[in-house]
Protein chains: 8
Amino acid sequence: VVEIVTGLLDRGRETILVTRAGPEVREAVRVAVPDIEEDAQARLLWIARDQAQPAGTVTVVSAGTSDGPVVREVAVCTRLFGAHVRVQEDVGVAGLHRLALALPNLQEADCVVVVAGQDAALASVVGGLVASPVIAVPTSTGYGVAAGGISALLSMLTSCAAGVAVVNIDDGFGAATIAARIARAAAGAT
Amino acid sequence: VVEIVTGLLDRGRETILVTRAGPEVREAVRVAVPDIEEDAQARLLWIARDQAQPAGTVTVVSAGTSDGPVVREVAVCTRLFGAHVRVQEDVGVAGLHRLALALPNLQEADCVVVVAGQDAALASVVGGLVASPVIAVPTSTGYGVAAGGISALLSMLTSCAAGVAVVNIDDGFGAATIAARIARAAAGAT
Amino acid sequence: VVEIVTGLLDRGRETILVTRAGPEVREAVRVAVPDIEEDAQARLLWIARDQAQPAGTVTVVSAGTSDGPVVREVAVCTRLFGAHVRVQEDVGVAGLHRLALALPNLQEADCVVVVAGQDAALASVVGGLVASPVIAVPTSTGYGVAAGGISALLSMLTSCAAGVAVVNIDDGFGAATIAARIARAAAGAT
Amino acid sequence: VVEIVTGLLDRGRETILVTRAGPEVREAVRVAVPDIEEDAQARLLWIARDQAQPAGTVTVVSAGTSDGPVVREVAVCTRLFGAHVRVQEDVGVAGLHRLALALPNLQEADCVVVVAGQDAALASVVGGLVASPVIAVPTSTGYGVAAGGISALLSMLTSCAAGVAVVNIDDGFGAATIAARIARAAAGAT
Amino acid sequence: VVEIVTGLLDRGRETILVTRAGPEVREAVRVAVPDIEEDAQARLLWIARDQAQPAGTVTVVSAGTSDGPVVREVAVCTRLFGAHVRVQEDVGVAGLHRLALALPNLQEADCVVVVAGQDAALASVVGGLVASPVIAVPTSTGYGVAAGGISALLSMLTSCAAGVAVVNIDDGFGAATIAARIARAAAGAT
Amino acid sequence: VVEIVTGLLDRGRETILVTRAGPEVREAVRVAVPDIEEDAQARLLWIARDQAQPAGTVTVVSAGTSDGPVVREVAVCTRLFGAHVRVQEDVGVAGLHRLALALPNLQEADCVVVVAGQDAALASVVGGLVASPVIAVPTSTGYGVAAGGISALLSMLTSCAAGVAVVNIDDGFGAATIAARIARAAAGAT
Amino acid sequence: VVEIVTGLLDRGRETILVTRAGPEVREAVRVAVPDIEEDAQARLLWIARDQAQPAGTVTVVSAGTSDGPVVREVAVCTRLFGAHVRVQEDVGVAGLHRLALALPNLQEADCVVVVAGQDAALASVVGGLVASPVIAVPTSTGYGVAAGGISALLSMLTSCAAGVAVVNIDDGFGAATIAARIARAAAGAT
Amino acid sequence: VVEIVTGLLDRGRETILVTRAGPEVREAVRVAVPDIEEDAQARLLWIARDQAQPAGTVTVVSAGTSDGPVVREVAVCTRLFGAHVRVQEDVGVAGLHRLALALPNLQEADCVVVVAGQDAALASVVGGLVASPVIAVPTSTGYGVAAGGISALLSMLTSCAAGVAVVNIDDGFGAATIAARIARAAAGAT
């Protein structure tokens with residue numbers, strides 16, 4: 001990874017993003033490229049010397065604290081890809097009052113990203129409450145039949161709400177690529 | 001089936017229940033046992049000459065019209081097993097206002113049975129709103145990854161709400177056996 | 001279905017859409033509601049008396065003729081939901097020259113919907129060629145391990161291209177709900 | 001976890017339960033909250049300063065020693081949720097005489113919780129012997145096709161006995177939430 | 001099939017067995033080979049002009065009436081392969097008293113074949129009660145997660161009882177081939 | 001485990017068998033019960049103070065060296081359960097000449113146990129060559145789709161050869177319980 | 001299909017192949033294109049006005065009569081793609097003597113195609129006997145865990161023999177495309 | 001492993017190949033057989049004292065750096081089995097221009113091996129561009145539904161391109177055995 005990053009910088013690349021970077025990789029790259037930015041929870045490294053002006057807003061909503069790393073990955077990547085980000089955590093469907101508090105942030109967004117594992121029902125509920133596109137990210141948190149994220153994936157794919165599409169399990173990066181495109185286009189940026 | 005039913009009656013059995021009875025079976029039994037009762041949608045046949053006094057209330061709630069046959073099976077069987085039944089259909093999580101209207105019926109029940117296929121998120125949401133035990137029945141309605149009911153089953157098993165247990169796919173009879181026991185015990189009957 | 005449709009019309013509903021309507025259902029509804037519109041291949045019935053002005057463009061691209069019904073479902077629904085639609089069929093990855101011909105239509109769209117079964121690789125390839133959001137619809141066409149569409153679903157979820165999200169197998173309606181929202185927002189409509 | 005627990009205590013919460021807490025988490029919380037209670041085998045931490053008067057009885061029955069941690073989780077949580085608990089271990093279906101000895105405890109309970117992995121047949125057998133509701137917890141003990149608990153889950157869901165419902169694999173906490181509700185209601189508590 | 005059977009007879013073969021023969025096949029073969037023997041429920045056709053003297057006893061035990069065709073297939077084939085057969089149906093684990101009645105027949109056999117679908121727990125229970133080898137046949141009867149027989153197969157493979165081995169789903173023929181060999185050898189025949 | 005073993009010995013038990021005992025468990029038991037016997041490769045511990053006279057012969061055949069631990073488990077347990085054992089390793093179907101050399105040992109046995117993972121085809125081939133019952137043990141060795149042993153399990157269950165039944169993946173103990181019963185009965189022992 | 005075929009002919013195409021053509025499709029095409037060639041068992045239609053000179057030999061080997069349609073599909077397509085074909089049916093691993101008779105035909109081929117369902121072990125055995133490349137086609141014949149062909153597919157993929165690769169279930173056409181290329185190249189044709 | 005290798009050498013074997021050899025195994029063998037050759041990334045050890053003259057060319061193409069170890073395994077083994085090898089890495093379908101650069105190497109090969117995990121679509125695209133046989137190797141790299149390689153395996157098996165066959169996940173050795181045979185035969189070697 002160090003070789004790839006330094007190679008890209010030598011060739012003049014101004015934006016670099018490394019996903020799923022464990023502690024050793026991050027340490028090694030930091031030594032070689034001291035000004036690299038880092039988010040330990042999201043396991044991300046990045047350099048963004050010439051970033052587009054942010055346009056459009058993506059709201060990231062999740063159910064539990066265990067979904068935190070994927071929420072961070074969505075948030076950091078979405079910002080790098082040029083959209084404003086708001087994060088709304090701890091919004092589970094088993095406590096609808098918390099969802100009520102989050103509603104304005106959800107309804108004002110140009111795109112909503114729902115991150116959930118055991119509480120994957122959140123994608124259906126949010127999909128019924130907003131008019132903008134919803135990107136759902138199943139997470140591999142949880143145990144028993146929830147382990148690995150397949151249960152959350154299936155639950156999100158069969159959502160009865162309109163306007164919901166799904167990315168791979170734990171794929172915060174993938175969700176950010178499409179959410180940022182949607183939000184930027186909705187804000188008139190290209 | 002005709003042989004089994006007439007055999008049981010000859011031996012003096014006063015309560016008989018036939019589940020998953022198709023049209024031909026129902027027709028054949030009706031010819032042999034004219035006073036048998038029948039529910040075509042639930043595919044049930046029954047005789048109940050000496051039924052217990054109903055006690056306790058079970059509310060059956062479902063999301064869509066395609067879940068109707070299983071809802072009927074839960075309702076008819078629960079009544080036969082000695083509990084009062086209320087039915088609340090068309091309560092999907094993508095339209096929370098309908099759930100708000102159904103809330104009193106749900107919160108007054110001694111046991112709630114949630115019947116859902118593509119909208120299996122309903123079990124989680126209902127589980128967060130009531131204090132009584134919830135029995136969830138996944139249904140095999142739906143298409144794509146929802147086909148066969150496995151997606152609904154997994155979604156209900158991983159519900160984050162407290163107080164939820166699950167029966168086999170399309171097993172309205174099984175849900176009724178446990179829901180009636182719970183409701184009758186809560187009402188002080190045995 | 002007839003009851004539901006006539007009930008909605010009686011209550012003044014101006015837009016109605018029935019999906020997955022087989023020949024008997026379509027015939028029955030046509031008798032009761034003669035001015036209902038219909039698409040036999042897409043198994044759709046609809047009335048759209050007060051439709052929004054179309055805004056934004058969705059290009060639907062598919063690999064083979066067997067994906068036709070889902071392509072039609074995406075196309076008809078997207079138009080009903082208020083976006084312009086272009087359709088580009090017979091664009092398989094095993095013949096990249098056909099993809100080259102389709103490229104202008106793909107790159108000018110505000111949102112691209114890829115419909116594919118055995119040729120699910122198309123989602124990755126298209127995702128690498130366009131800058132707008134891509135919604136992928138796996139189809140259940142094909143045989144052997146492709147039967148039922150799970151193989152296409154997994155293939156699309158693991159696409160390495162940026163900007164791709166996925167809906168349920170054969171869910172042309174679902175793809176249209178999100179694609180139309182994306183395209184309309186990108187065109188400044190709400 | 002330490003932050004969450006101390007935060008809840010600072011805000012005056014009198015009942016706190018932490019599930020699936022590994023040794024490091026338990027150690028860290030004990031340092032911050034010295035009077036927290038703990039069950040190492042069940043991986044639980046809890047504070048219960050204002051607990052309801054216990055009402056109703058739940059009997060927890062299991063087959064083998066490897067199911068012990070889940071049995072403990074059910075037992076501790078059920079007590080915290082306000083029901084009396086009896087535990088009956090080492091009751092496998094391959095030795096029916098041990099089941100005969102356990103029968104009085106099973107038949108006197110307001111609710112029976114069956115915890116089993118390779119011996120999941122126990123849920124069917126117990127379901128045929130008691131008149132109260134049965135909650136079955138599949139465990140992930142075992143090897144080969146039993147590994148992970150899917151085999152036990154399917155076996156319990158297809159039980160032919162009446163009155164049996166199932167929770168997620170290894171979900172002792174979930175079983176306790178519904179079992180305690182059932183037992184308390186049967187005992188007239190609310 | 002007709003060609004194969006008549007070809008074998010022409011070449012002097014004295015024992016022929018056709019499994020999984022539907023009504024049309026059976027009708028066609030009967031026309032061509034009038035003295036062929038037939039079992040409609042087991043879907044078998046056979047000619048056995050020079051059969052070995054039966055030796056040893058196989059007891060076939062099953063849970064429900066829906067397992068009947070496979071029970072018949074085991075019984076007819078085992079007799080053809082040279083062992084005595086006893087059949088004990090309607091012995092489900094949810095009613096252990098019926099199993100008590102069947103016990104002598106089970107304990108006197110040289111080999112026991114357990115045929116069960118939803119009640120696959122029967123294999124474990126029988127395995128704990130007899131000292132002779134047990135061959136378990138999962139059946140594809142049942143619905144929901146029991147459909148197709150995978151649940152019964154897994155349940156039988158993870159049985160905790162000693163002396164149990166399993167054949168393919170619905171494979172009454174396969175069970176008979178091994179059960180007859182075991183019983184004949186135990187009776188000193190070869 | 002130490003407690004269970006010493007408890008059984010204190011109560012006068014003369015035969016004890018511990019399966020799947022890892023190095024730490026074996027060390028701990030050896031300290032407490034110095035005369036316990038041990039097989040490290042098979043992960044077994046046992047005491048057999050009053051063993052039956054061996055009767056009948058079981059031949060254990062396997063394909064590759066990686067199946068060694070399960071072969072050892074079958075061999076040791078079968079001896080403990082009272083049958084003679086012969087072991088024939090390195091007999092893969094991709095080299096039929098080695099199978100030819102092993103044939104006499106296979107054909108003289110009262111029962112053959114086939115242990116195989118990637119080379120599960122061996123069960124079919126052996127089943128076609130011997131007249132005695134065959135017990136097949138799928139192993140979890142191998143990688144890719146062979147990982148975990150499911151592929152071997154399915155392959156063995158669908159064997160076209162007569163007289164083959166299957167036990168759980170890696171379940172050498174289970175295979176030994178039934179193989180020893182078969183061999184002893186065939187030799188006239190009880 | 002008729003439209004596509006006549007369209008291709010109008011545009012001067014000299015070679016056309018339609019796979020998986022049911023009886024109605026074949027009838028309709030025959031009416032429109034009377035000189036089209038047909039193989040009912042293989043469900044193929046074709047026109048080959050300008051075929052390459054055959055070069056190289058492919059031997060197709062299968063286990064049972066139920067694999068016949070796929071064998072025919074491989075054979076007809078391989079001939080159309082320009083290689084000589086030999087067919088060797090009824091060669092199951094449970095009867096190795098038949099395989100011995102087929103050996104010369106297998107060892108002289110430039111490429112061997114193995115077609116098998118329940119007897120998928122045949123691919124491993126053949127792979128161990130020949131020096132040329134082996135293409136394995138799993139078939140969906142069979143019942144229980146063999147149904148659908150997944151078991152055969154996994155078995156063939158985990159073959160321990162060298163030189164074996166696999167195509168999709170029932171994909172005789174796919175096997176022919178690669179087998180013909182291999183055989184033609186081995187014979188020096190291009 | 002050390003024993004096996006030295007044993008083979010003692011018996012005069014001139015070619016030895018050890019696959020999936022971890023660092024400890026490689027170290028141990030090197031100590032015992034100092035002149036053994038080694039590829040750490042491919043986890044291979046080999047001695048090849050009397051190798052055939054290379055004939056024919058295999059081009060190995062892969063998508064990402066994480067597929068590197070399997071690419072190395074294919075390359076080293078193919079060379080040992082007697083064919084020339086060219087390697088073309090970093091050719092993903094999301095960037096078709098890189099594929100264009102690799103095209104000459106692909107089209108000149110006698111056999112192409114495609115190694116890919118998340119980018120399994122590469123097999124379809126390459127299959128559409130070359131006339132020689134294509135062997136596809138799914139890899140277990142990737143996360144979410146791509147984890148373990150099943151998604152890549154299914155994607156490659158359902159490829160619409162002609163002339164593609166597949167080996168087990170991560171089975172670079174298996175791919176090399178068939179690719180080398182194809183290439184050598186195409187070059188007229190035997």
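Residue numbers begin at 1 in each chain, while the letters A, B, ... track the order of the sequences.
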**Study point:** Heavy atoms from other residues, nucleotides or ligands near CZ of C:R13 exceed 12 (cutoff 6.0 Å)
**Key:** no
Point to revise | Candidate pair C:E73 and C:R43, rule salt bridge (Lys or Arg N to Asp or Glu O under 4.0 Å), full reasoning | key: CA-CA 8 Å; C:E73 192 184 23; C:R43 294 189 297 153; over 6 Å; no
**Study point:** Separation between CD1 of A:I4 and CD1 of A:I16, rounded to the nearest 0.5 Å
**Key:** 10.5 Å
Review point. Taking side chain as C-beta onward, heavy atoms only, is A:V29 less than 4.5 Å from A:V18?
Key: no
Practice item. Indicate yes or no for a side-chain donor-acceptor contact from C:S62 to the backbone of C:V71 under 3.5 Å, with no hydrogens or angles considered. Key: no
Practice item. Measure A:L153 against the heavy atoms of chain C and call it side chain, backbone, both or neither at under 4.5 Å. Key: side chain
Practice item. Tell me, for C:I169 versus chain A, whether the close heavy atoms (under 4.5 Å) come from the side chain, the backbone, both or neither. Key: neither
Study note, to complete from the structure: Comparing C:N168, C:D110, C:V164 against chain A, the one with the most heavy-atom pairs below 4.5 Å turns out to be C:N168
Review point. Taking only heavy atoms into account, what residues of residues 116-140 of chain A are found under 4.5 Å from chain C?
Key: A:V130, A:A131, A:S132, A:P133, A:V134, A:I135
Review point. Sub-3.5 Å donor-acceptor pair from the side chain of C:T177 to the main-chain atoms of A:G163, do we have one?
Key: yes
Check your understanding: Which of these, C:L44, C:D171, C:V76, sits in a side-chain contact (heavy atoms from CB on, under 4.5 Å) with C:T19?
Key -> C:L44
